[in-house]
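Reminder, nothing fancy here: chain letters follow the sequence lines and each chain counts from 1.
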2 protein chains.
Amino acid sequence: METTGTPTDTCAGPPQGNRRPDGADKYTISEVAALTGLTAHTLRWYERIGLMPHIDRSHTGQRRYTNRDLDWLALVGKLRLTGMPVADMVRYAELVRAGDHTYGERFELLQRTREDVLSRIAELQGTLAVLDRKISFYADAGRALASERTR
Amino acid sequence: METTGTPTDTCAGPPQGNRRPDGADKYTISEVAALTGLTAHTLRWYERIGLMPHIDRSHTGQRRYTNRDLDWLALVGKLRLTGMPVADMVRYAELVRAGDHTYGERFELLQRTREDVLSRIAELQGTLAVLDRKISFYADAGRALASERTR
DNA sequence: CGCTTGCTTGGAGTGCACTCCAGCGTTCTA
DNA sequence: TAGAACGCTGGAGTGCACTCCAAGCAAGCG
């Protein structure tokens, strides 16, 4: 039945789901799903498109994720929040796989992402200002309506 | 030829495109496209799905946007930046069309959106922290490599 | 042994937000 | 008054990021 568990759980809380039971270093796909908030489907899909490093397999061919894999998924989760396209994350993953000589390129990619995040925050703060103006307008309108009702 | 003009112009700058030539109060669809950064396609689509108020037409049936319409599009643009689904914006538009008795509901919708924006900003700041740690790691690695090369 | 639960695969399907097309009418400039 | 540029419509197509399906294998349990 795939055990979607808590699929993403829209309610607020620790961003990356539950904390991992430390000491362990081998997780099944459904454990990783629970830990990251991603579905097992998505985890397999990430692997297919080259967003994951090579994932270990059990003697029967089932995926066994390590703590290192979870760290990678945590980073991917953060990058996803910035709105970075999956294709760009795949590019980054390729650079990591390619070895140490890609440090420079990775550095640049991260810096560009950082700039994006900064301007995104600025945008959101601009939006917040608009929202606050509208909200205080509606608050006033509400008060006016209320006083009209009690008059 | 549809005159996409400056389609969205990924480069930084004034978020809502150019400033409107004030005094005027009738804009063709391509003027609005240039002003908002949306395409004419998207403007027509917004109308079809009920995201726009009724748009005036010229005697031959062409759209003539007013400054009020531009203001609405500016708000929509801001809400879009927050990641609000178009369906929710349509809901808000419906409330506006429904009249004054929906003030309360609109107020709540805006407040919920405000909370979303706040937590989005917090998320992005968390991501920024992660990014900064990674960036300084790569900066150090770069320096180490450089000193190795000159050694 | 049968049953349930969990995992495997390649490929097809979904939902969102556009994006474009064909075929036609209108408006502007030379 | 020709020709280019712009606008109209309904409907089809696109790209992204998942999301699901069917058929089958493997382990644990009463």
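Contact check on B:Arg91 versus B:Glu94 returns a salt bridge, with a Lys/Arg side-chain nitrogen under 4.0 Å from an Asp/Glu carboxylate oxygen.
By the 4.5 Å heavy-atom criterion applied to side chains, A:Lys78 and B:Lys134 are not counted as neighbours.
Annotation for A:Ile135 and B:Phe107: closest pair O-CE1, 3.5 Å, computed over non-hydrogen atoms. Contact record, B:Leu109 with B:Asp88: CD1-O, 4.4 Å, taken as the closest heavy-atom pair. Residue B:Leu124 comes nearest to A:Thr82 through the heavy atom pair CD2-CA, 3.9 Å, listed as atom of the first residue, atom of the second, then distance.
In this structure, the separation between CE on A:Met52 and CD on A:Glu47 is 7.0 Å, given to the nearest 0.5 Å. To the nearest 0.5 Å, atoms OG1 (A:Thr28) and CG (A:Leu43) are separated by 10.0 Å.
Shown for residues 84-95 of chain B: residues whose heavy atoms fall under 4.0 angstrom of DNA chain C, namely B:Pro85, B:Val86. Residues from residues 48-59 of chain B that place a heavy atom under 4.0 Å from any atom of DNA chain D, listed by number: B:Arg48, B:Arg57. Taking every heavy atom of residues 115-124 of chain B and every atom of DNA chain C, no pair lies under 4.0 Å.
When rounded to the nearest whole Å, the span between CG of B:Leu43 and P of C:dC18 equals 11 Å. Going from atom NE2 of B:His41 over to atom P of D:dG13 covers 16 Å, rounded to whole Å. Summarising the geometry, the separation between CG on B:Leu38 and P on C:dC18 is reported as 8 Å, rounded to the nearest angstrom. Rounded to an integer number of Å, the gap from CD of A:Glu47 to C1' of C:dT9 is 12 Å. As rounded to whole Å, 6 Å separates atom C1' of C:dC7 from atom CZ of A:Arg44. Spacing between atom OH of B:Tyr46 and atom P of D:dT9 amounts to 18 Å, rounded to whole angstrom units.
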For the pair B:Asp132 and A:Arg114, evaluate side-chain contact (heavy atoms from CB on, under 4.5 Å) and give the outcome as yes or no after the intermediate values. CA-CA 8 Å; B:Asp132 283 343; A:Arg114 192 194 127 92; 2.4 Å; yes

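Comparing D:dG7, C:dA17, D:dA17 by their closest approach to the side chain of A:Trp45 singles out D:dA17. When each of D:dA26, C:dC7, D:dC6 is scored by its nearest atom to the side-chain atoms of A:Thr60, the top-ranked nucleotide is D:dA26. Taking the side chain of A:Thr28 as heavy atoms from C-beta on, and the options C:dC7, C:dC18, D:dG7, the nearest nucleotide is C:dC7. For B:Ser30, the side-chain atoms get nearest to D:dC6 when compared with the rest of D:dC18, D:dC6, C:dT19.
Side-chain N/O atoms of A:Thr113 and A:Asp116 include no donor and acceptor closer than 3.5 Å. With hydrogens and angles left out, the side-chain atoms of A:Asp56 and A:Tyr65 include no donor and acceptor closer than 3.5 Å. Between the side chains of B:Tyr27 and B:Asp69, no donor-acceptor pair of N or O atoms lies under 3.5 Å.
Of the side-chain N and O atoms in A:Arg63, none sit less than 4.0 angstrom from OP1 or OP2 of C:dC7.
Between A:Trp72 and A:Tyr92, the two ring planes are parallel [angle under 30°; tilted spans 30° to 60°].
Each of A:Arg64 and B:Gln62 was assigned the nucleotide of DNA chain C with the nearest heavy atom; the assignment lying further toward the 5' end belongs to A:Arg64.
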